[in-house]
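As structure tokens, the structure follows; a few thoughts come after it.
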Protein chains: 2
Amino acid sequence: MKVAAKRETKKEQRTRANTQAPEVKERESVEHIFREFLKKKGYRATPERDIVLREIYSAAGHFDADELFIKLKQKNHNISRATVYNTLDLLVECNLVSQNSFGHKHLHYERVYGYDHHDHIVCNQCGEVFEFSNPKIEEQQDAVCKSMGFDIRQHTLQIFADCVKTDCDYKKRQAEQSQTKSQR
Amino acid sequence: MKVAAKRETKKEQRTRANTQAPEVKERESVEHIFREFLKKKGYRATPERDIVLREIYSAAGHFDADELFIKLKQKNHNISRATVYNTLDLLVECNLVSQNSFGHKHLHYERVYGYDHHDHIVCNQCGEVFEFSNPKIEEQQDAVCKSMGFDIRQHTLQIFADCVKTDCDYKKRQAEQSQTKSQR
DNA sequence: TTACTTGCAAATTATTTGCAATAAT
DNA sequence: ATTATTGCAAATAATTTGCAAGTAA
């Protein structure tokens, strides 16, 4: 059901964006980093790009492009999927957002700034994603890159593992799947 | 996507050394592992599945589903894309093939058995994928999983980095991009 | 025989692209 | 004023699915 509400003009968007509660210093830093990046690259600063960045940094956790698009839509931001994808690319390029593949259909994104870097363990049974961080692994990566003549920019490490804990969704999953067993 | 280089660099030699041709004995083992897996799971052994497995283990390096499909077609095997995808899933499930996302359109696969585990560095400039291995990283991963109650099955680590060597394909790439895309 | 697996083609999903309108510089 | 960026819809790319026929167990 499409709502035929009058469309918010760019100017209104900009005004609204500027009057948002100045929650955290972090946000300002993030926006500043993005602005500088855009300027350096000769890209333009647009209200859409600001809004996307702000939305990403307003919540924690992983998300995919479409989830972000829908969240924006629900907040009455008329920002197209194309712009969401475009902006995500830019944010990945300037390292404010990281891109992960958890082995499934689409890419997942995650904000980077203000958080310690972490890696992921994906449960083979229930698919849930857990985080961990390990400085020694990071150290080794730096060492490897140095020795091979690379200047490391980013990395993603995913571990696929069987969860041996009792609170894993595994059994629930099994119950569901046994009804529709197929060739897989 | 990998670009054909004119002259093999030291780095490429090292990479190549990691991906030598398999022994015949190994191939038998691989087939045996697959058979056992199928039996255990109640899946059927079919000639198509054997052929796909054999094709994967007959060559080195990364490949994607469509490349594999085309290779099979060229050898006059009438195996559908659906079967290729299906079989790849099975091979990943039984750990004979690993699945990697290098951050782009599709997934890449790689045979696992008979090779030391390695991780990947993707050059931000030319997109070429290099391999490395580091036992300390593996150790740390095991430790992390143990402490978090996971039984590790597989992992993928990708480092995205800028190549600082002079023999990076970056410039060649730039030059080639003005022409038409070719080979694969 | 039973029902899993196949090839084919159509469907689906995620992402990209063409284009005219709009807005940043 | 110039041209990057936008929203929209159509297009594409990768993968999955439905179905009838084939075949492993």
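Chain identifiers are assigned alphabetically (A, B, ...) following the order of the sequence lines, protein sequences preceding nucleic acid strands; residue numbering begins at 1 within each chain.
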Integer-rounded Å distance: C:dA23 P and A:I79 CD1 = 14 Å

request  = Go through the steps for A:T156 and A:S98 under the test side-chain contact (heavy atoms from CB on, under 4.5 Å), then give the verdict.
outcome  = CA-CA 8 Å; A:T156 98; A:S98 72; over 6 Å; no

message = Among residues at least two apart in sequence or on other chains, which ones pass ring pair (Phe, Tyr, Trp, His ring centres under 6.0 Å) with B:H117?
response = B:H155

request  = Write down the distance between CZ (A:R81) and P (D:dA11), rounded to a whole number of angstrom.
outcome  = 17 Å

ask   = Quick check: does any side chain N or O of A:E55 sit under 3.5 Å from a backbone N or O of A:L68, one acting as donor and the other as acceptor?
value = no

query = Using 30° and 60° as the class limits, which term best fits the ring planes of B:F37 and B:F34: parallel, tilted or perpendicular?
reply = parallel

inquiry  = Heavy-atom nearest nucleotide on DNA chain D for B:Y109 versus B:P47: which residue maps closer to 5'?
reply    = B:Y109

ask   = Which is true for B:N78 with a 4.0 Å heavy-atom rule: it touches a base, it touches only sugar-phosphate, or it touches nothing?
value = sugar-phosphate

message = Side chain of A:A82, heavy atoms from C-beta onward: which of C:dC8, D:dA24, D:dC8 has the nearest atom to it?
response = D:dC8

request  = Apply the test side-chain contact (heavy atoms from CB on, under 4.5 Å) to residues A:F63 and A:L88: give CA-CA distance (whole Å), side-chain angles for both, the deciding distance (0.1 Å), then the verdict.
outcome  = CA-CA 11 Å; A:F63 60 93; A:L88 279 172; 4.0 Å; yes

query = Given C:dG7, D:dA14, C:dT15, which nucleotide is nearest the side-chain atoms of A:Y85?
reply = C:dT15

key: side-chain contact (heavy atoms from CB on, under 4.5 Å) between A:Q141 and B:D119, intermediate numbers included   = CA-CA 10 Å; A:Q141 289 181 21; B:D119 298 307; over 6 Å; no

key: B:K39 NZ to C:dT5 C1', straight-line distance once rounded to whole Å   = 18 Å

ask   = For the pair made of CD1 in B:I51 and P in C:dT5, what is the distance, rounded to whole Å?
value = 16 Å

What's touching nucleotides 2-5 of chain D from the protein side, N or O pairs under 3.5 Å?
residue : atom : partner : partner atom : Å
D:dT3   : O2   : A:R44   : NH1          : 3.2
D:dT3   : O2   : A:R44   : NH2          : 3.4
D:dA4   : O4'  : A:R44   : NE           : 3.3
D:dA4   : O4'  : A:R44   : NH1          : 3.3
D:dA4   : O4'  : A:R44   : NH2          : 3.3
D:dA4   : N3   : A:R44   : NH1          : 3.3
D:dT5   : OP1  : A:R44   : N            : 2.7
D:dT5   : OP1  : A:R49   : NH1          : 3.0

key: Interatomic distance, B:L72 CG vs C:dG7 P [rounded to whole Å]   = 10 Å

ask   = Taking NE2 from A:H106 and C1' from C:dT16, how many angstroms apart are they, rounded to a whole number?
value = 17 Å

request  = Quick one: closest heavy-atom pair of A:T83 and A:E48, and the distance?
outcome  = CG2-CB, 3.9 Å

task = Rounded to the nearest angstrom, tell me the gap between atom NE2 in A:H77 and atom P in D:dT6.
result = 14 Å

request  = Measure the distance from CG on B:L88 to C1' on C:dT5 and round it to the nearest whole Å.
outcome  = 16 Å

